[in-house]
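Reviewing the structure listed below.
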Amino acid sequence: MVWIPGGDFVMGSDHHYPEESPAHLVRVDGFWMDRYAVTNKQFQRFVKATGYVTVAERPPKPEDYPGAIPELLVPGSAVFQQPEQPVHLQTCSWWVYVPGANWRHPAGPGSSIKGRENYPVVHIAYEDAEAYAAWAGKLLPTEAQWEFAARGGLEGAVYSWGNEFAPKGKRMANTWEGKFPWQNLKPHSPGAESVGLYPPNGYGLYDMIGNVWEWTTDWYRDSHPENKTKSCCIPVNTRGGTQQESFDPNTPLSRIPRKVLKGGSFLCAPNYCQRYRPAARHPETVDTSTSHIGFRCYVFHFL
């Protein structure tokens, strides 16, 4: 783990997506944070020790998903499948629910994590991340802790490494190359990559941007609280919204609360989801697992 010294910082952004605003001063106490996202090898060790079964490995309850197609009420998870031609970016047609997809089989039955031991574990729902953290004697970070750590000590910078996306042409994170979702300019298929392939930020943390989204413990709300800039009024170790606020008003029949994801993933691209920034945030229902969601943990003090 890496020591994050804590301090004051401007959380959020007034220059990107509306849910990131308003930018406001926040203070966090120091803490230790995992240098890398939790890997397949680490999660496998947890499962062997506890016998834990992830959400994606359990059959969904029909009462939780009114109107769902019966054939989809089987254990599985959402897998990215690259279309061969341009598609409308509001359809999310590149996501396919694949029966049998889970952390052991990230692309579905027939796939495995062999040779991917140091890849971030994916297909992790929120309670899966919490269960691992409790077993490891750790916690999931708050949104403020995560964002402070991701900034790496660079006050106000757009990215974890500065204000230029690819300084001197150097790629700094695993994000999409080409026109999302159909044009892939990488020499390999788009997907998660082994942790630690890109330079760490100023705190020595790897992959805080790109690769896979990471769960935080805060309930999602559509914006940050009103701006507070006076030193006497800086919130300390601030938390997000309430569970009630987190429900998606666009899906009134589905009362599944949402947590905040941070960091973006290998699917973030200039033409879609420019959320490869510390200030970026995204709501995700707690029961959701996909091939681009993982997590890392923190502790206040080593025992």
Side-chain angles (χ1 to χ4, degrees), residues 2-28 30-31 33-37 89 120 141-180 183 185-186 190 192-193 195-214 216 218 223-229 231 234-235 238 260-282 292 296:
V2 176
W3 173 248
I4 310 300
D8 299 349
F9 78 109
V10 177
M11 182 178 178
S13 170
D14 293 325
H15 307 292
H16 298 92
Y17 294 105
E19 70 270 12
E20 301 170 25
S21 65
H24 59 295
L25 280 172
V26 168
R27 179 174 299 151
V28 295
F31 56 96
M33 196 164 200
D34 286 346
R35 189 182 298 270
Y36 308 101
L89 293 180
T142 67
E143 181 179 359
Q145 289 172 324
W146 195 101
E147 185 170 328
F148 182 86
R151 291 184 177 278
L154 297 179
E155 180 63 44
V158 176
Y159 305 106
S160 286
W161 51 84
N163 289 316
E164 188 177 353
F165 178 66
K168 297 183 179 180
K170 183 177 182 179
R171 302 288 299 192
M172 301 296 288
N174 177 19
T175 59
W176 189 273
E177 296 181 37
K179 293 291 186 181
F180 180 84
Q183 182 190 49
L185 299 181
K186 291 183 176 181
E193 298 175 356
V195 300
L197 293 183
Y198 298 87
N201 72 2
Y203 290 142
L205 299 170
Y206 289 84
D207 306 309
M208 294 298 284
I209 299 301
N211 216 18
V212 298
W213 285 100
E214 298 183 8
T216 73
D218 281 356
S223 64
H224 288 304
E226 287 302 312
N227 198 2
K228 298 178 180 179
T229 57
S231 60
I234 300 175
T238 182
V260 176
L261 295 180
K262 297 286 281 186
S265 77
F266 62 86
L267 298 181
C268 287
N271 71 310
Y272 176 79
C273 187
Q274 297 179 30
R275 291 185 170 87
Y276 34 63
R277 297 169 289 102
R281 54 202 299 268
H282 181 70
H292 74 336
R296 77 179 70 208

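For this chain, numbers begin at 1 and follow the sequence in order. These numbers were taken from a predicted model, which means no experiment stands behind them.
Put simply, CD1 on I234 and CG on L25 are 4.5 Å apart, with the number rounded to the nearest 0.5 Å. The structure places CG of D34 at 9.0 Å from CG of L205, a figure rounded to the nearest 0.5 Å. Taking CZ of F165 as the start and CD of Q274 as the end, the distance is 9.0 Å to the nearest 0.5 Å. Atom CD1 of I209 sits about 10.5 Å away from atom OH of Y276, to the nearest 0.5 Å. Here the straight-line distance linking atom NE2 of H224 with atom CE of M11 works out to 4.5 Å at 0.5 Å rounding. Put simply, CD on E214 and CG on L261 are 9.5 Å apart, with the number rounded to the nearest 0.5 Å.
No donor-acceptor pair under 3.5 Å is formed between the side chain of Q145 and the backbone N or O of P141. When atom types are taken as modelled, the side chain of S160 and the backbone of A150 share a donor-acceptor pair closer than 3.5 angstrom. Between the side chain of S21 and the backbone N or O of A23, no donor-acceptor pair lies under 3.5 Å. Although no hydrogens or angles enter the test, the distance criterion places no donor-acceptor pair under 3.5 Å between the side chain of T238 and the main chain of P235. Without hydrogens or angle criteria, H24 side chain to P22 main chain gives a donor-acceptor distance under 3.5 Å. Using modelled atom types, one side-chain atom of N163 and one backbone atom of V158 make a donor-acceptor pair closer than 3.5 Å. Judged by distance alone, with hydrogens and angles left aside, the side-chain atoms of W176 form a donor-acceptor pair with the main-chain N or O of Q183 at under 3.5 Å. Checking side-chain atoms of D207 against main-chain N and O of G196 turns up a donor-acceptor pair under 3.5 Å. Between the side chain of R171 and the main chain of A166, no donor-acceptor pair closer than 3.5 Å is present.
Inter-residue side-chain proximity for E193 and N211 is flagged as met; some heavy-atom pair is nearer than 4.5 Å. By the 4.5 Å heavy-atom criterion applied to side chains, M172 and P199 are counted as neighbours.
For K186 against T175, the heavy-atom pair with the smallest separation is NZ-O, 3.0 Å. Minimum heavy-atom separation, C273 to W213: SG-CZ2, 4.1 Å. Residues L89 and Y272 come closest through the heavy atom pair O-CE1, 3.7 Å. When every heavy atom of V2 is checked against every heavy atom of G204, the shortest pair comes out as CG2-O, 3.9 Å. Of all non-hydrogen atoms in G152 and Y203, the two that sit nearest each other are CA-CD1, 3.4 Å.
Residues passing the ring-ring contact (aromatic ring centres under 6.0 Å, His included) test with Y198: none are found, sequence neighbours excluded. A search for side-chain hydrogen bond (donor to acceptor under 3.5 Å, both in side chains) contacts involving N201 returns nothing, not counting sequence neighbours. Applying the ring-ring contact (aromatic ring centres under 6.0 Å, His included) criterion to Y206, with sequence neighbours excluded, gives Y36. The side-chain hydrogen bond (donor to acceptor under 3.5 Å, both in side chains) test applied to K170 returns no partner, not counting sequence neighbours.
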Residue pair R275, E20: steps toward the salt bridge (charged side-chain N to carboxylate O under 4.0 Å, His left out) verdict: CA-CA 10 Å; R275 291 185 170 87; E20 301 170 25; 5.1 Å; no
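Between F266 and H292, the ring-plane angle classifies as perpendicular under the 30° and 60° cut-offs.
Listed by first then second residue, pairs satisfying salt bridge (charged side-chain N to carboxylate O under 4.0 Å, His left out) with a partner in residues 144-164 read E147-R151, E147-K262, not counting sequence neighbours. Sorted by first and then second residue, the salt bridge (charged side-chain N to carboxylate O under 4.0 Å, His left out) pairs involving residues 3-13 (not counting sequence neighbours) are D8-R27.
A salt bridge links E143 with R281: the distance from a Lys NZ or Arg NE/NH1/NH2 to an Asp or Glu carboxylate oxygen falls below 4.0 Å.
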